[in-house]
Amino acid sequence: MLQVLFHAWERRLADVTKDRVVRPFEWGLEWIPENGHRSGTPAADLIGDYVSGVMADTDAFFTPPPTTDYTLTSAADGDLLTFPSAFTTPHESNNTVRCRYFPSRGAKAAVLVMPQWNSDPGGHVGLCKLLAWNGMSALRLSLPYHDQRMPPELHRADYIVSANVARTLQVCRQAVLDARRAIAWLKSQGYDRIGILGSSLGSCLALLTTAHEPLIEAEALNHISPFFADVVWRGLSTAHVREGLDGHIELDLLRAFWNPISPRGYLERLRNRKTLLVYAKYDLTFPVDLSEDLVRAFQEMGIPHELAVMRCGHYSIGKAPFKFVDGYILTRFLKKALSPEP
């Protein structure tokens with residue numbers, strides 16, 4: 001009975017959004033290095049070869065060159081931190097990273113917050129303030145193609161998750177590079193205990209960042225899946241993306257091409273980190289069996305973690321009372337995980 005009710009509510013909440021666009025399938029070869037192109041080679045082979053090279057050294061793929069070009073500007077509701085992205089896209093507005101900073105007086109711990117796909121500028125600001133009230137400074141990162149990083153031709157952040165195979169891979173990579181530069185800034189401000197919190201798409205990107213950023217001690221992952229492609233293929237929120245993919249690529253091949261941005265291959269790197277896994281029992285966007293598969297992988301590999309299962313869905317977790325319970329669980333975990341060792 002509860003499942004029927006929550007699934008109906010999830011579909012109603014998803015239907016509120018009327019501006020989803022089915023974009024055409026594209027391989028996106030212009031998003032991979034030109035030296036990987038060979039005349040006459042099928043696009044799928046070119047991308048496959050590129051991905052094989054990436055997986056041979058994901059540290060190189062996800063490590064940005066250092067920068068000192070940070071600017072912090074005072075603002076009424078979260079100071080604005082900007083810096084150049086380490087990955088340059090064709091859209092100038094997307095190449096400057098924008099973060100909102102919520103310092104906690106005297107804090108030595110800080111949390112980088114990565115919101116969900118298509119989060120508006122106010123998304124997760126309340127959570128950032130809750131973290132700050134609990135003694136942890138918070139830095140909210142606007143994901144690529146979100147907020148003021150969105151070019152004029154877009155009204156949704158379609159370029160970070162789309163039916164363009166290589167672009168999706170590279171823009172998610174950009175998000176990880178941006179997150180690592182943001183964490184480097186936090187370290188430069190004197191924070192000696194750094195965590196990361198991500199929701200939905202932000203959860204996937206937060207895990208990828210943790211797997212490649214040694215400064216992160218704890219990660220709180222809100223909505224989880226082992227594979228990026230499977231969520232896009234099966235999820236309620238990405239049905240329009242699936243429509244663009246259908247007839248052009250099969251799930252197995254898509255999963256292989258998006259392997260670099262899928263959490264499953266990086267779990268061993270998390271063995272020495274503190275991890276909280278959160279999923280929603282009635283989720284139609286991150287199908288529950290996928291969440292359970294990732295939890296099972298943590299268990300079978302003996303990767304330390306804590307687990308919380310919310311009795312709601314993907315959209316309804318943002319509604320009262322579930323958003324308050326979720327915020328409490330996430331904040332409590334990070335406060336404990338980033339507390340000074342006795």
Side-chain angles (χ1 to χ4, degrees), residues 3 6-7 10-11 13-15 17 19-28 31-32 42-45 47-48 50-52 54-55 116-118 143-145 156-173 175-176 198-208 221-267 277 279-297 313-315 317:
Q3 178 173 293
F6 271 102
H7 283 183
E10 287 292 298
R11 292 189 175 95
L13 291 171
D15 285 345
T17 301
D19 59 351
R20 295 185 179 96
V21 177
V22 178
R23 298 188 182 274
F25 174 83
E26 297 176 279
W27 291 109
W31 287 81
I32 65 175
D45 291 347
I47 294 177
Y50 177 70
V51 168
S52 294
V54 168
M55 294 307 297
Q116 74 273 18
W117 185 33
N118 285 302
L143 299 181
Y145 291 105
R156 289 174 52 84
D158 285 354
Y159 290 171
I160 193 171
V161 180
S162 73
N164 185 311
V165 177
R167 182 177 63 199
T168 298
L169 176 65
Q170 295 288 26
V171 178
C172 287
R173 172 198 186 188
V176 176
S199 290
S200 195
L201 173 61
S203 169
C204 172
L205 300 172
L207 187 149
L208 300 178
L221 308 176
N222 203 31
H223 304 300
I224 53 174
S225 169
F227 300 110
F228 193 101
D230 292 67
V231 171
V232 173
W233 198 263
R234 296 173 52 197
L236 176 64
S237 301
T238 48
H240 62 296
V241 180
R242 165 72 185 273
E243 190 173 340
L245 293 166
D246 273 345
H248 301 280
I249 191 169
E250 296 300 322
L251 175 57
D252 287 347
L253 185 58
L254 186 65
R255 187 187 297 124
F257 287 164
W258 284 348
N259 195 28
I261 54 173
S262 292
R264 182 62 179 86
Y266 301 107
L267 301 192
L277 305 175
Y279 71 88
K281 188 173 182 178
Y282 307 113
D283 198 332
L284 295 176
T285 294
F286 274 50
V288 177
D289 62 295
L290 294 176
S291 300
E292 292 172 341
D293 284 348
L294 186 64
V295 173
R296 191 176 304 111
H314 199 92
Y315 287 92
I317 204 170

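All values reported here derive from a predicted model rather than from experimental measurement.
Panel note: side chain Asn118, backbone Ala157; a donor-acceptor pair is recorded below 3.5 Å.
Atom OG of Ser225 is separated from atom CG of Asp293 by 8.0 Å, given to the nearest 0.5 angstrom.
Using a 4.5 Å cut-off on side-chain heavy atoms (C-beta onward), Val54 and Arg173 make no contact. Considering only heavy atoms from C-beta on, Trp27 stays 4.5 Å or farther from His248 through its side chain. When side chains are defined from C-beta on, Cys172 counts as touching Phe228, because their heavy atoms get closer than 4.5 Å.
Evaluation of the salt bridge (charged side-chain N to carboxylate O under 4.0 Å, His left out) rule for Arg264 yields no partner, not counting sequence neighbours. In this structure, the side-chain contact (heavy atoms from CB on, under 4.5 Å) partners of Ser200, at least two apart in sequence or on a different chain, are Gln116, His223, Phe286, His314. Applying the salt bridge (charged side-chain N to carboxylate O under 4.0 Å, His left out) test to Arg23 and every residue at least two apart in sequence or in another chain returns Asp158.
The two residues Gly244 and Phe25 come nearest to each other via the heavy atoms O-CB, 3.2 Å. The heavy-atom pair separating Leu245 from Val232 by the smallest distance is CD1-CG1, 4.0 Å. Nearest approach of Val171 to Pro144, heavy atoms of both residues: CG1-CB, 3.6 Å. Minimum interatomic distance between Gln170 and Trp31 (heavy atoms only, all atoms of both residues): NE2-O, 2.9 Å. Residues Ile32 and Ala166 approach most closely at CG2-CB, 3.9 Å, considering heavy atoms. Summarising the geometry of Val241 relative to Val161, their closest heavy-atom pair is CG2-O, 4.1 Å, with the distance given to 0.1 Å.
Evaluated for a side chain to side chain contact (heavy atoms under 4.5 Å, CB included) with Trp117, the options Leu143, Thr238, Thr285 yield exactly one hit, Thr238.
In this pair, Tyr282 and Phe6 present their aromatic rings parallel. The plane angle is below 30°, not in the 30 to 60° band. Classification of the Tyr145-Tyr159 ring pair by plane angle, with boundaries at 30° and 60°, yields perpendicular.
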